[in-house]
Structures are given as C-alpha cells and as structure tokens.
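The structure presented is a predicted model; accordingly, all values stated were derived computationally and were not measured.
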Amino acid sequence: MARPLDSGRILLAGRQAAFDRWKSKLANRPDDLEMARWLECDRKALMEQAMGLYRLRRQDVLAHAFIEAPATPSYDRARIKNGPWRYSKYKILLFLLTKDGVRQYTVHLDFQKAIFRSRARTNYRYDAFTSVQVAQTDNGENVFELTLTNGDPIKVKVTDPPTDVTKHEDETPLGASQRTLDTAGLDNALHVLEGVAAEGKEWITFERQREKVPLAEVSKAVNAIFA
C-alpha cells in the first residue's frame, strides 16, 4: 500500500510528464509575430497570382486592398493574451483598382498547409458601388458589407463575437475583436472602397492629389529652413 507521500510524488511525476509532453508538442509552434510574417508572405503570393490571372502589370494597378476573415463554417482559432485572433483557415478578398474598374479576387487559404483553394473572380465598374460598411451584429460579430447596384451584397464575417475568455483577458470586452480588425486590413480597404463609393473613378485622381499635399508642405518647410 502506497504511503500518502508516495502518492503525492506519483501524482507530481504524472503531471510533470504531461506538462513535458505538451511543451514538446508546442515547441515548434509559431509565435504571433511569425504568423503575421507568414500571412504577409501569403498576401504577396496572392497578389502575384491575381496579377497573373488578370494579366495585369504593376503599372496597371492604381490601388489595392486586402481583407482577411475566418473561412466559415469550419476553422480553428487561437490567440496570445491581448493579441488578435489567428485562424487555421482564412477567406481573403483582394481588390485591385485599375483604370477600367475593380477586380475582386477571393480565395480560401489553408494556413497550416499554405494552400489557396476555392478561387473566385469578380469584376465591376466604379459606378457600381453603392455603399461600403463594417457593421456589428447584436452578438458582437463584425461583418464587412459591400453593396453594388446589381446583385446581392457581398458580406464577409470578419470577426467572431467576444468569448468569456477574451472578456476576462482584455481590458475591454471587444479588445480581441478590435485587434483582429486592425490586422485584417480593414482600415485600408475601407479607405479605398469608401472613397470609390463616394467619388467613383475620380477618387484615384483626388487621392493622388491629396497624397501630394503633405509632400509639398514638407518641401516648402525645408526650403524655408535653408533659404
């Protein structure tokens, strides 16, 4: 019959062995920064693929934007404390703005295998844009919605609703969702697509003019210093 001290040692040894097994299993898992770098490489690969499919040259693309979302309905997800959600499968939308209109290229990315699947191509004119928005549902999901003059709206769930874990870990209940939105490319996508929805094709010309204003001000300030 084992004495209480022996039983305690056996229990401790079993827990240590289980800990060592999990530590060994997780040893080769990427950290959040490494996953971010891999996603950036996937974006570049997708950009090259889309350019080839549409037979576009670099100078043909006036602006572009990405949106990354979980590939519903089946995916795994994980995050570090106070970090964005990372997914095993992504749905990526790439918008290429050209002089003739917008080319949308949508793929599903198996992140673990680094494979693009379920490719879809859509083209539309600049004047086909009606509205662009990111709406939050009652349960806390964030949904990107692009409405065109013809056809059904393009809707993509970008973030999941907050969980009990994220509510406990983060300073605000929506902290994880906001960080995920920040890394999903939505800010740039909304800037580009909302501009097109409001100004049409002229947005490209106006945007280039707006970009030149700060440079002109810097040049003027430098010239004043050395005058």
(request) Apply side chain to side chain contact (heavy atoms under 4.5 Å, CB included) to the pair D32 and R86, showing each step before the final yes or no. (result) CA-CA 8 Å; D32 187 72; R86 302 296 186 185; 2.9 Å; yes
(request) Verify the neighbour count for atom CG of D31: are there more than 12 heavy atoms of other residues, nucleotides or ligands below 6.0 Å? (result) yes
(request) Please check if any side-chain donor atom of E68 sits under 3.5 Å from a side-chain acceptor atom of Y87, or the reverse. (result) no
(request) Verify whether one side chain among S131 and Q133 offers a donor that lies under 3.5 Å from an acceptor in the other. (result) no
(request) Give a yes or no on whether a salt bridge exists between E40 and R37, defined as a side-chain N under 4.0 angstrom from a carboxylate O. (result) no
(request) To the nearest 0.5 angstrom, please state how far the CG atom of L93 sits from the CZ atom of F66. (result) 10.5 Å
(message) Could you check whether any side-chain heavy atom of V143 comes within less than 4.5 Å of a side-chain heavy atom of T137, counting everything from C-beta outward?
(response) yes
(request) Mind listing the closest non-hydrogen atom pair of A65 and A189 along with its distance? (result) CB-CA, 3.6 Å
(message) Quick check: do V134 and V158 have side-chain heavy atoms less than 4.5 Å from each other?
(response) no
(message) Do F129 and V102 have side chains that approach each other closer than 4.5 Å (heavy atoms only, starting at C-beta)?
(response) yes
(request) Kindly give the heavy-atom pair with the smallest separation between I154 and Q104, and that separation in Å. (result) CD1-OE1, 3.3 Å
(request) Using a 4.5 Å cut-off on heavy atoms from C-beta on, say whether the side chain of V107 contacts that of R117. (result) no
(request) Could you tell me the separation between the OG1 atom of T183 and the CG atom of L39, rounded to the nearest 0.5 Å? (result) 8.0 Å
(request) Mark yes or no for whether T98, through its side chain, and V61, through its backbone, hold a donor-acceptor pair below 3.5 Å. (result) no
(message) Distance check, rounded to the nearest 0.5 Å: L94 atom CG versus L46 atom CG?
(response) 5.5 Å
(request) Would you indicate whether the side-chain heavy atoms of Y105 and Q49 approach each other to under 4.5 Å? (result) yes
(message) To the nearest 0.5 Å, what is the distance between NZ on K157 and NZ on K91?
(response) 11.5 Å
(message) How close do F116 and R119 get, counting heavy atoms only, and between which atoms?
(response) O-NH2, 3.3 Å
(message) Do F144 and L146 make a side-chain contact, defined as non-hydrogen atoms from C-beta onward lying under 4.5 Å apart?
(response) yes
(request) Measure from the side-chain N and O atoms of T180 to the backbone N and O of W85, and report whether any donor-acceptor pair falls under 3.5 Å. (result) yes
(request) To the nearest 0.5 Å, tell me how far Q136 CD sits from E141 CD. (result) 10.0 Å
(request) Give the ring-plane orientation class for W38 versus F111, where under 30° counts as parallel, over 60° as perpendicular and anything between as tilted. (result) tilted
(request) Search all heavy atoms of R121 against all heavy atoms of Y54 and return the closest pair with its distance. (result) CB-OH, 3.3 Å
(request) Grab the two heavy atoms, one from P84 and one from R79, that are nearest each other, plus how far apart they are. (result) O-CB, 3.3 Å
(request) Taking all heavy atoms of V156 and all of A69, pick out the closest pair and write down the distance. (result) CG1-CB, 3.4 Å
(request) State whether K99 and D60 are salt-bridged, where the test is any N-O pair (Lys NZ or Arg NE/NH1/NH2 against Asp/Glu carboxylate O) under 4.0 Å. (result) no
(request) Go through M51 and L53 one step at a time and tell me if the side chain to side chain contact (heavy atoms under 4.5 Å, CB included) criterion holds. (result) CA-CA 6 Å; M51 297 278 286; L53 286 172; over 6 Å; no
(message) Contact between I67 and F95 at the side-chain level, heavy atoms closer than 4.5 Å - yes or no?
(response) yes
(message) Return the OH to CG distance between Y126 and D100, rounded to the nearest 0.5 Å.
(response) 8.0 Å
(request) Using a 4.5 Å cut-off on heavy atoms from C-beta on, say whether the side chain of L56 contacts that of L96. (result) yes
